[in-house]
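Worksheet for the structure shown next.
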Amino acid sequence: MSFHKSIENLIDRYGSKISIECDSEVKHTKAFIQPLRYRDRATKIPQVNIGGLSDGRFYLYIGKGNYEFSRAKNTIITCSGRKYVVHTSELFELHNKALYVWAVLAPYKEQRRDDYDTDT
């Protein structure tokens, strides 16, 4: 069995069921999502405002290499009823073939009517 297939089998066996919504297309697969913890300022991710959220929590995503996505495509990932947006992502390759996708996710916050400023 190839190394690529071994990584894919590990994700299939131990990963959580997720859906990836990107460009009005929804794909179902498995991946690992866990809280991202940092130990020092060198690895600290700056707090940013993504899609109306900014609570300082981030999550590590590791998934199959054939499910690539990016922040630019406004990707929403759903796992166990929780939604996340992509802060940054990177495709890792081995021998010019996709091995896995690594990403930093932030909780998704849907815009509500009272989230918008009014002119009155």
Exercise: identify the closest heavy-atom pair between L91 and A98:
CD1-CB, 3.8 Å
With no hydrogens and no angle check, is any side-chain donor or acceptor of H4 less than 3.5 Å from a backbone partner on Y100?
no
Validation row: L94, F3 side chains within 4.5 angstrom (heavy atoms)
yes
Rounded to the nearest 0.5 Å, how far does CG of L105 lie from CG of L60?
8.0 Å
d(Y59 OH, I77 CD1) to nearest 0.5 Å is 13.0 Å
How are the rings of W102 and F92 set relative to one another: parallel (under 30°), tilted (30 to 60°) or perpendicular (over 60°)?
perpendicular
I20 versus V26: any side-chain heavy-atom pair under 4.5 Å?
no
Taking every non-hydrogen atom, the tightest pair across G63 and A31
CA-CB, 3.9 Å
Looking at every heavy atom in both C22 and T75, which two are closest together, and how far apart are they?
SG-OG1, 3.5 Å
Could you tell me the separation between the CD1 atom of I62 and the CG atom of L10, rounded to the nearest 0.5 Å?
11.0 Å
Centroid-centroid distance, Y61 to F32, less than 6.0 Å:
no
Can you find a pair of side-chain heavy atoms, one from P107 and one from K83, that are under 4.5 Å apart?
no
For the backbone of K5 and the side chain of S2, can you confirm whether one donor and one acceptor N or O come within less than 3.5 Å of each other?
yes
Just wondering, do I33 and I18 contact through their side chains at under 4.5 Å, heavy atoms?
yes
What's the verdict on side chain to side chain contact (heavy atoms under 4.5 Å, CB included) for D12 and K64, showing C-alpha distance, side-chain angles and the deciding distance?
CA-CA 9 Å; D12 278 335; K64 296 179 189 178; 2.5 Å; yes
is_close_aromatic(Y84, Y108), centroid dist under 6.0 Å
no
Looking at residues at least two apart in the chain, or sitting in another chain, which of them share a salt bridge (Lys or Arg N to Asp or Glu O under 4.0 Å) with K30?
none
Measure the CG-CD distance between N66 and E8 for me, rounded to the nearest 0.5 Å.
6.0 Å
